[in-house]
Every structure is written in C-alpha cells, then in structure tokens.
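One structure below.
Below, chain A is the first sequence line, B the second, and so on; all start at residue 1. No experiment lies behind these values; they were computed from the predicted model shown.
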Amino acid sequence: MASVRVRFAPSPTGVLHIGSVRTALFNWLFARHNGGKFLLRIEDTDKLRSTDENTKSIFEILRWLNIDWDEEPVIQSHNIERHKEIAHNLVENGLAYYCYCKPEELAAKKEEALKAGKSYKYDGKCRDLTKPVPGINPVIRLKAENDGKTKINDMVQGEVTVDNAQLDDLVLLRSDGTPTYMLSVVVDDHDMGVTHVIRGDDHLTNTFRQIQIYKACGWDIPQFGHIPLIYGPDGAKLSKRHGASSAEDYRKLGYLPEAISNYLLRLGWSHGDDEIISRAQAIEWFSFDNVGKSPSRFDMNKLQNLNAHYLKERSDESLMQCILPLYKPGLDDIQKARVMKGIKSLKTRAKTIIDLANDAKIYVNAPETYTEDCSKYATSSHLEWIREVRKTIDGLDALREQEICEKVKNCAEQHKVKLVEVAQAMRAALCGKLISPSVFEIVEILGKQETLKRIDAFIAHFDER
RNA sequence: GUCUCCUUCGUCUAGAGGUCUAGGACACCGCCCUUUCACGGCGACAACAUGGGUUCAAAUCCCGUAGGAGACGCCA
C-alpha cells in the first residue's frame, strides 16, 4: 500500500461529539497501524457557527485522548480561493455551469416532486444556457453524469452501487461566490494527498456526488471507509437529549481517556473475545475487516465498567493529579498525604474520578453530619464500646491497621457482640456514613489525633440527645 | 416518497456451510469471600427478525417480507 494519509475533519460549530471521537480514533489507528499520517482539517467554512473556542477545545480533547496528529492542521477557510478557482476551471472546461434558478423556484419544484411521490432532483434547466441572466448572481453547478452507475468498494460497507441517474447537478459555488462543503472536501482531500477517507456513514450517499467532482477534476479517487453511527440507548442518533454526548461531557463526568478509547474502539469493532485492549494492541490489531456494518447503541454501563478497570490500573500519583483540582478550597499537606495513602484502596471501588474524589473526602475533613442510618450504631452500648476503642487507640504508639483490627476484635469478643457492631460504630464516627473502605485502614491513615477527635465528636453528638 | 445501508442474548459482540446443545463481555439475579459498601471468585438467566429456497447439512449462501437507520440543502 502506498503511504497512507488519512484525515479527521471536524467542523468547529460545536464541541466534539463522542461519535466524532470514534471517527478520529479509527482514522488514527488506521494511520498508525499502516505507518501512515494522520492529518487534521478544521472545516470552518460555516463562519456563522464556527468559533475559535470550539477549535481550541477540539485540539484539547484530541490531546487529552492521546490522539496526536501529523503536520500542521489545515484550516479550510484558508483554501477558499483555491476552491473557487477549481469551480471556475470546471466551468471553463465545460464540466460545470452557471445556474440562475431562484431558490424559491427550486423549493416549489421540490415540494411538487415530493407530493407526486418522486425523488427530487435538480432538472438541469440551466445546463445549456449560453447567455447570462442579468440581475441574478448565479451559482455554479457540476454537470453530473446521468448515465451509468457509480460503484465504490467501501472498506466497511463493501461494494455499493448507485445509479448515476439518482445524482443531480450539485452546487459547487453559492450565489455569493463561496464554495460548498461538497467542493471544499474534495479539493482539500486531494490537495492534502488523502488516500483513505474514513468518516461516518451518514456521508455514504454524499460519496457518490463527490466522486463526480473527482472525476470532473481528473483526480485519483481515494479509498472510502464509512463507519456506522453511534445511537443512543433508544436507537435514535446519539444526541444531547440522551444526556452526555460530547467527549467533554464524559471528561467532566470523570471518565478516563483510556477507558473512552477502549470503549469506543470496541463499539463496532472487535478482535475475537478481547475486551481490554491497550493502545499498542489496538494499533497492532486494528483493521477495517473487523469493523461491523450495523450501528451500535451507546451503553453507559459498559463504559463505566471499563472506566473502573482503568481506574485500578492507574497509579495513585496520577489519580491524585486527577482529583486534586476537584476540591474547592484545595488541600493542605496533611489532607493531601492522607488522601494519597487512601487512594490505593479507594480506587478499587470507584467507577469514575468523581466517585473517587467524593469517596476520598473522608480523609479531607471530619464528618459535618451523620447519615440517618448512623444512629443505629449510636446506642448507649455502641458508645460504650467506642469509648473503649478510643482508649485502646490512645494507648497505642503506632497505629497499624492489622493491630487495630485485632484490638477491636478483642473488644467485640469481650462484650460478646459481633465485630460488625463495633466496626460500624467506628465507621459512623470516622466517616459520618456507613459505607467506606476498611475502618482500620482509615484509623491508620487518619492518625491518632484525628481519629480520637472524630470519635469524641461522635460521642458528644449522640450523648446529648 | 425515492435511493443506499443494516438486522445473533436487554446492550456491545464472536461466528466466513458441518467444530453451535450458538462463545465472550457489560447489565440483571444468586452464591462465596467479608467489619459496611465495593473489589475479586463461582454460577444462573438470556439471542440467530420473519417466510421461502439452495444443500446430505445453514446463524452462515440466494430471494421475498417486516422492522430500523442514513441520505435526498446555495449545512457541514
């Protein structure tokens, strides 16, 4: 295969959709697998809706996802003159023509056709016009082929054939002189030397129109790969309506980039029974032979499961960096040290970065309130046992999880109660809730002073009642 | 409406005519582990849209039907 060049061409009219991320990922993997180039093109020709912030956030998200690009990103709006030139050349060569039909006129014809149950297609009224119509700014239309069929061999969809009669004379240049998407994509892809166009399958039918442009220009037609779109749980196109739909949304929800990549990769692509796939393996294994043709639904549960997996694989240090910015006033050194020690076991139970940050709060501050169910473990008996534990801990030189556990077990035995009674009372006192990692570990991490302080507060709180 | 594409457990999928009593993963349910909740381990439930062919044999090939999606812009 000649050296592969692919491109990801988002338009900065909004934040990056999770489906676009998958398109970017597939392009990237294909390039890396084949030792080719992955290029970026910002399609900002819709000046009204495109913003610099969106462009920046696209770069940012791609970097976050570890999808790096080769060469300078191409800004499509910079190529407008080139696009115009191509359109005018086509007119000179008799392959395109000026069309003076009014939009209202066309809309009426379209409505009529639809009513009659026919597919609408521009009738080519201006095709053979020789003289300009005064007072009207014309558009430029391509003289599309009417006869025969156009066939593509799509890397995903396989052989797809369309009758050329279905295709109409698409607009290349608008009446204000600006190029349309159809023209711009083809020209830019050609100029960038793109060998494989990998995009969402909503572009499949556009491809046949674009091929007409390639042919008119006499250019080589690239290979195409149209990957199925991602749908929401209800089977409709994934959108804001389904909740989180942009990559940024998922980042905010506390998902790790490696989990998102792994999830997106497995959505519509597979490698036998493999589920957990590293970047290196993905690059090695990726091929369009394994990309499915049918659309798939987005499943939060699976993403979450993958995220939990990658959370466990991350180092404590890197997770610390992830959660640190989430604390409002910031943490002092003591708090940081405690959280750092706690992450090791905290990360095995969290599903997201947000979960982790929340769970770690037990190491940040003493409980301000106690959950409703804590009172079950605050009877006079419980308080008595807790006092005893407090005394024991006070007498200890160094707090070791194992030793504390033994001491508390002894205490429970002496009072002929189950360990859970004492442990839960301690948990309530230390965390203000009944769900947490091992209380003994918590005691060790909090240290004597903080542990005693929290136990005292607990006793004071429930004794007063 | 027209054109194009799609259809295996609830979801993501394995499956390239016999190895399918259809495999894995997530979710759900149950059990074990256990100081709580998780993690982890074990197990259960659960699918070839439908009707016809072709064939000794079909989830796999062909045709029809139904359902779904996308495209049909002087948007990208």
Listed nucleotide nearest any side-chain atom of A:Pro103, set B:rC3, B:rC74, B:rU13: B:rC74

Salt bridge (charged side-chain N to carboxylate O under 4.0 Å, His left out) partners of A:Asp188, counting only residues at least two apart: A:Arg41

Crowding at NZ, A:Lys407 (>12 non-hydrogen neighbours, <6.0 Å): no

Check: A:Tyr263 ring centroid to A:Tyr255 ring centroid under 6.0 Å: no

Evaluation steps, salt bridge (charged side-chain N to carboxylate O under 4.0 Å, His left out), between A:Arg49 and A:Asp46: CA-CA 6 Å; A:Arg49 295 189 297 148; A:Asp46 184 347; 2.8 Å; yes

For B:rU34, the Watson-Crick or wobble counterpart (both distances under 3.5 Å): none

Chi class for B:rC42: syn within 90° of 0, otherwise anti: anti

Distance, rounded to the nearest Å, where A:Leu356 contributes CG and B:rC39 contributes C1': 14 Å

Strand-adjacent residues in residues 134-147 of chain A, judged by heavy atoms under 4.0 Å from RNA chain B: A:Val139

B:rG51 versus B:rG18 - spacing of their P atoms, nearest Å: 23 Å

Please write out each protein N/O paired with an N/O of nucleotides 14-22 of chain B under 3.5 Å, distance rounded to 0.1 Å.
residue	atom	partner	partner atom	Å
B:rA14	OP1	A:Ser270	OG	2.8

Donor-acceptor pair under 3.5 Å, A:Thr180 side chain vs B:rC74 base: no

A:Asn206 CG to B:rC74 C1', straight-line distance once rounded to whole Å: 15 Å

Nucleotide B:rA76, atom P - distance to CD1 of A:Ile42 in whole Å: 15 Å

Geometric class of the A:Phe288/A:Phe286 ring pair [parallel <30°, tilted 30-60°, perpendicular >60°]: perpendicular

Phosphate OP1/OP2 of B:rC39: any A:Lys351 side-chain N/O under 4.0 Å: yes

B:rG53 and B:rC12, which share atom name P, separated by this distance in whole Å: 32 Å

Sugar-phosphate only, base, or nothing, as touched by A:His226 at under 4.0 Å among non-hydrogen atoms: nothing

Any-strand Watson-Crick or G-U partner of B:rU65, both distances under 3.5 Å: B:rA49

Distances for protein N/O vs nucleotides 4-11 of chain B N/O pairs under 3.5 angstrom?
residue	atom	partner	partner atom	Å
B:rC5	O2'	A:Gln157	OE1	3.2
B:rC6	OP1	A:Lys293	NZ	2.7

Partner nucleotide of B:rU19 by Watson-Crick or wobble geometry (both distances under 3.5 Å): none

Atom pair CG (A:Leu106) and NZ (A:Lys125), whose distance is rounded to the nearest 0.5 Å: 9.0 Å

A:Ile276 side chain reached by A:Tyr310 side chain, heavy atoms, under 4.5 Å: yes

N or O in side chain of A:Lys347 less than 4.0 angstrom from B:rC39 OP1/OP2: no

RNA chain B contacts among residues 423-444 of chain A, heavy-atom distance under 4.0 Å: A:Ala423, A:Gln424, A:Arg427, A:Leu434, A:Ile435, A:Ser436, A:Pro437, A:Ser438, A:Val439, A:Phe440

Mate of B:rU60 where both pairing distances stay under 3.5 Å, Watson-Crick or G-U: none

Spacing of the C1' atoms in B:rU4 and B:rU8 (rounded, Å): 23 Å

Sugar-phosphate, base or nothing in reach of A:Cys374, heavy atoms under 4.0 Å: nothing

Any A:Asn305 side-chain N or O less than 4.0 Å from OP1/OP2 of B:rA25: no

Whole-Å C1' distance, B:rA22 and B:rG15: 8 Å

Between C1' of B:rU13 and CG of A:Leu303, the distance in whole Å: 16 Å

Give the table of side-chain donor-acceptor pairs shorter than 3.5 Å for residues 148-155 of chain A, with sequence neighbours excluded, one pair per line with atom names and distance.
residue	atom	partner	partner atom	Å
A:Lys149	NZ	A:Asp163	OD1	3.1
A:Thr150	OG1	A:Asn164	OD1	2.4
A:Asp154	OD1	A:Val156	N	2.8
A:Asp154	OD1	A:Gln157	N	2.9
A:Asp154	OD1	A:His226	N	3.0
A:Asp154	OD2	A:His226	N	3.3
A:Asp154	OD2	A:His226	ND1	2.6

A:Lys110 vs B:rC72: side-chain N/O to OP1/OP2 distance below 4.0 Å: no

Sugar-phosphate, base or nothing in reach of A:Lys418, heavy atoms under 4.0 Å: nothing

For atom CG of A:Leu170 and atom P of B:rA71, their distance in whole Å: 16 Å

is_close_aromatic(A:Tyr370, A:Phe462), centroid dist under 6.0 Å: yes

Complementary nucleotide of B:rG73, counting Watson-Crick and G-U pairs under 3.5 Å: none

Geometric class of the A:Phe298/A:Tyr250 ring pair [parallel <30°, tilted 30-60°, perpendicular >60°]: tilted

Side chains of A:Ser77 and A:Asp44 in contact at under 4.5 Å (non-hydrogen atoms): yes

Centroid-centroid under 6.0 Å between A:His190 and A:Tyr214 rings: no

A:Arg127 CZ: over 12 foreign heavy atoms closer than 6.0 Å: yes

Derivation of the salt bridge (charged side-chain N to carboxylate O under 4.0 Å, His left out) call for A:Asp274 and A:Arg266: CA-CA 9 Å; A:Asp274 295 305; A:Arg266 275 289 287 107; over 6 Å; no

Separation of B:rU36 P from A:His382 NE2 (nearest whole Å): 14 Å

Atom CG of A:Asp147 with >12 non-hydrogen neighbours under 6.0 angstrom: no

Earlier contact from the 5' end, RNA chain B, for A:Thr348 and A:Cys101: A:Thr348

Gap between atoms CG and P, on A:Asn262 and B:rU13 respectively (whole Å): 14 Å

Distance (rounded to the nearest 0.5 Å) between A:Glu444 CD and A:Leu396 CG: 11.0 Å

For atom CG of A:Asp168 and atom C1' of B:rC74, their distance in whole Å: 12 Å

